[in-house]
Amino acid sequence: MMAFIRFVDRLSTAVGKAFAWLILALTLHICWEVFARYLLNRPSAWAFDLQIMYYGILFMMAGAYTLAKNGHVRGDVLYGFLPPRVQAALDVTLYVVFFIPGVTAMVWAGWYYAGESIAIREHSSLMADGPPIYPFKVFIPVAGAFLLLQGFAEIGRCILCLRRGAWPRRADDVEEVDVDKLKQMVHVKDEDIAAADRPAAAQGQRS
């Protein structure tokens, strides 16, 4: 089971990192649009629609990656104080009762939603000659499928926790900066920081 979990985690991570490049594409596109609008006086009619599509695709395709890193928002005021086995039992119940049916419905509905959009070669209705949006809608069932696969991996992680009494370790990746961990890495203590601040504070008082 752990091999399956690690495979899905690596897949979700690879997909998330690949589509993260859309941030760069979106940034460059916005910069070019500002340049073209205000300096060249040649704005693009498709700019607003494309920006929405960039962000929408990034948002959807990052869902499985965020779940793999346990990065989704969680109301853990009480959850964090529970033993690992109780956490796992709660998680697996919520995954089975809510997550799996909800994401399955998303994939099923998104498949037909995208299919109808492709069939009519749907274009944006925000303007008379809007850009095609059926390629964008294809990402709805695709993103749902990746999210569903990661959900099964999370259920497997919960089962392992129920058996072992501890959560399996997640793969290392981008993490938020933890000040305490950073201090340990550079071998710095609070006393050292305070001592380094004293000369600067004294210099400020003299000036």
So, do [X] and [Y] sit near enough that their side-chain heavy atoms are less than 4.5 Å apart?
X: M60; Y: F136; value: yes
X: C161; Y: Q87; value: no
X: I100; Y: F152; value: yes
X: W167; Y: C158; value: yes
X: F146; Y: V103; value: no
X: F48; Y: P131; value: no
X: V15; Y: Q150; value: no
X: L90; Y: L94; value: yes

(request) Under the ring-ring contact (aromatic ring centres under 6.0 Å, His included) rule, collect the residues that match up with F81, sequence neighbours excluded. (result) none
Any donor and acceptor pair, going by atom type alone, linking the side chain of [X] with main-chain N or O of [Y] inside 3.5 Å?
X: T27; Y: I23; answer: yes
X: R170; Y: A68; answer: yes
X: R164; Y: I159; answer: no
X: E122; Y: I133; answer: no

How far apart are the closest heavy atoms of [X] and [Y], and which atoms are they?
X: H72; Y: G63; answer: NE2-O, 3.1 Å
X: A89; Y: L162; answer: N-CD2, 3.8 Å
X: P101; Y: Y95; answer: CD-O, 4.1 Å
X: P141; Y: G110; answer: CD-O, 3.6 Å
X: P168; Y: M2; answer: CB-CE, 4.0 Å
X: E154; Y: L67; answer: OE2-O, 3.6 Å

Rounded to the nearest 0.5 Å, how far does [atom2] of [Y] lie from [atom1] of [X]?
X: L22; Y: L28; atom1: CG; atom2: CG; result: 11.5 Å
X: M106; Y: L147; atom1: CE; atom2: CG; result: 6.5 Å
X: R121; Y: Y134; atom1: CZ; atom2: OH; result: 5.0 Å
X: L26; Y: I52; atom1: CG; atom2: CD1; result: 11.0 Å
X: L149; Y: F7; atom1: CG; atom2: CZ; result: 7.5 Å
X: L24; Y: W21; atom1: CG; atom2: CH2; result: 6.5 Å

Under a 4.5 Å side-chain heavy-atom rule over Ile, Leu, Val, Met, Phe, Trp and Tyr, are [X] and [Y] clustered together?
X: I57; Y: V138; result: yes
X: L148; Y: W111; result: no
X: M1; Y: V96; result: yes
X: F99; Y: W108; result: no

(request) Decide if atom CZ of F4 counts as having more than 12 heavy atoms of other residues, nucleotides or ligands within a radius under 6.0 Å. (result)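 Yes, enclosed.
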(message) Using ring centroids (six-membered ring only for Trp), state whether F19 and F139 fall under 6.0 Å.
(response)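 Centroid distance F139-F19: below 6.0 Å, so yes.
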(message) Classify the ring geometry of F35 against W32: parallel below 30°, tilted from 30° to 60°, perpendicular beyond 60°.
(response)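 If you compare the ring of F35 with that of W32, the planes turn out tilted.
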(request) Could you walk me through whether T13 and K69 pass side-chain hydrogen bond (donor to acceptor under 3.5 Å, both in side chains), step by step? (result) CA-CA 8 Å; T13 300; K69 305 306 174 187; 3.2 Å; yes
